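Scroll down for the structure; my scribbles are underneath it.
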There are 2 protein chains.
Amino acid sequence: MELSNCAKIFKALSNEQRLKIFIMLYKNCCAPEGAKVGAEFRIKNNSCCPISGTLEKAFTKICDCMKLSRSTISHHFKELQNAGLITCEREGQMYRCKVNKEAIDSIKNFLK
Amino acid sequence: MELSNCAKIFKALSNEQRLKIFIMLYKNCCAPEGAKVGAEFRIKNNSCCPISGTLEKAFTKICDCMKLSRSTISHHFKELQNAGLITCEREGQMYRCKVNKEAIDSIKNFLK
DNA sequence: GGTCTAGTTCGAATGTGTTCGAACAATAAA
DNA sequence: TTTATTGTTCGAACACATTCGAACTAGACC
């Protein structure tokens, strides 16, 4: 993996609020079965992953547990997408969000 | 590991120049035997690790292969230290530098 | 059609990072 | 003791990030 790509991923995770968002997506979408999730990351209703590895209504859920304006959260989602860490798609009012495990793996492998 | 500590480490690695510096220290100090090092990271003279895991004259060597002023490089070293990624000590004119493997491991474990 | 909900885009304010050169301190070398 | 080397600290310039509210778009619902 390119050095610049790696720096891009690290930059996306360098902001605490954005890292929190990412962890929430990660823990709710892609964490292995039984992985513990800290209370502060617990999403209201705890409804998770009707489609395997994909979080439905991700944006709304994240908004529910962050004290940031929706425009700011939208911005952070864009940054995470931009770094290739997540993929989002809208279908009507449905906002689906998926964590790219390959991106995580490439960070891990980077400093092998 | 605390979320804020993690963000701190990611922030330290989010700048491409600083990441380059870190990789150079890492590859020359702590990379397992036989690990390949890209040509762009090769330090002049290639003299490495007289003391196991510690790079002597780290600052000078990094300066040799970066197109940045010394004050800027000094700043980047400080940031890496601040994030707990490296430890540096001076003894006379000798600048010794060591990569903290635990910091690396904690990143890897963070997204387990 | 009107209205609500969900998310985006824009502009602005404020904060943080990156980089440099100059001046400095401490050690080594002459 | 002067001079060179090594790295730090300071101030300034500039770039980039974070955050917000307001205005907007698109679909859902009445």
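Each chain gets a letter, A, B and so on, in the order its sequence line appears, and its residues count up from 1. Keep in mind that the numbers below use all heavy atoms, side chains included, and drop hydrogens, waters and symmetry copies. Remember, it's a predicted structure, so these values are computed and weren't measured experimentally.
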Quickly work out the [X] [atom1] to [N] [atom2] distance and round it to whole Å.
X	N	atom1	atom2	answer
A/Leu19	D/dT18	CG	C1'	16 Å
B/Ile62	D/dT8	CD1	P	13 Å
B/Leu68	C/dG17	CG	C1'	13 Å
B/Arg18	C/dT16	CZ	P	15 Å
B/Asn15	C/dT16	CG	P	17 Å
B/Lys67	C/dC20	NZ	P	12 Å
B/Lys61	D/dT5	NZ	P	19 Å
A/Phe77	D/dT19	CZ	P	14 Å

Taking all non-hydrogen atoms of both residues into account, name the closest pair between [X] and [Y] and its distance.
X	Y	answer
B/Leu19	A/Ala7	CD2-N, 3.8 Å
B/Ser14	A/Lys11	CB-CA, 3.4 Å
A/Ile23	B/Phe110	CD1-CE2, 3.3 Å
B/Leu25	B/Ala58	CD2-CB, 4.1 Å

Think [X] has a side-chain N or O under 4.0 angstrom from the OP1 or OP2 of [N]?
X	N	value
B/Thr60	D/dT5	no
B/Thr72	C/dC20	yes
A/Ser74	C/dG7	no

[options]: which one has an atom nearest the side-chain heavy atoms of [X]?
X	options	value
B/Tyr95	D/dT18, C/dT9, D/dG7	D/dG7
B/Lys78	C/dA6, C/dT18, D/dT8	D/dT8
A/His76	D/dT18, C/dA6, D/dT6	D/dT18

Table please: side-chain donor-acceptor pairs of residues 76-87 of chain A below 3.5 Å, with sequence neighbours left out.
from    : atom 1 : to       : atom 2 : distance (Å)
A/His76 : ND1    : A/Arg18  : NH1    : 3.2
A/Thr87 : OG1    : A/Asn100 : OD1    : 3.0
A/Thr87 : OG1    : A/Asn100 : ND2    : 3.3

- Counting any heavy atom closer than 4.0 Å, what does A/Glu79 reach on the DNA or RNA strands: base, sugar-phosphate only, or nothing?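 Contact class for A/Glu79: none.
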- Query: So what does A/His75 touch, heavy atoms closer than 4.0 Å: a base, only the sugar-phosphate, or nothing?
  - Reply: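 Base: the residue A/His75, judged by heavy atoms under 4.0 Å, touches a nucleobase.
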Let me have the donor-acceptor pairs involving side chains of residues 65-72 of chain B, under 3.5 Å, with sequence neighbours excluded, atom names and distances please.
from    : atom 1 : to      : atom 2 : distance (Å)
B/Ser69 : OG     : B/Ser71 : OG     : 3.1
B/Ser69 : OG     : B/Thr72 : N      : 3.2
B/Ser69 : OG     : B/Thr72 : OG1    : 2.9

- Message: Closest-nucleotide mapping onto DNA chain C: is A/Lys11 or A/Phe59 further toward the 5' terminus? I mean the 5' end.
- Response: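 This one resolves to A/Phe59.
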- With side-chain contact (heavy atoms from CB on, under 4.5 Å) as the test, would you mind laying out the steps for B/Val99 and B/Phe22 before giving the verdict? CA-CA 8 Å; B/Val99 170; B/Phe22 180 71; 4.0 Å; yes
List every contact pair, protein side and nucleotides 22-30 of chain C side both N or O, where the distance is under 3.5 Å.
from   : atom 1 : to      : atom 2 : distance (Å)
C/dA28 : O4'    : B/Gln93 : OE1    : 3.4

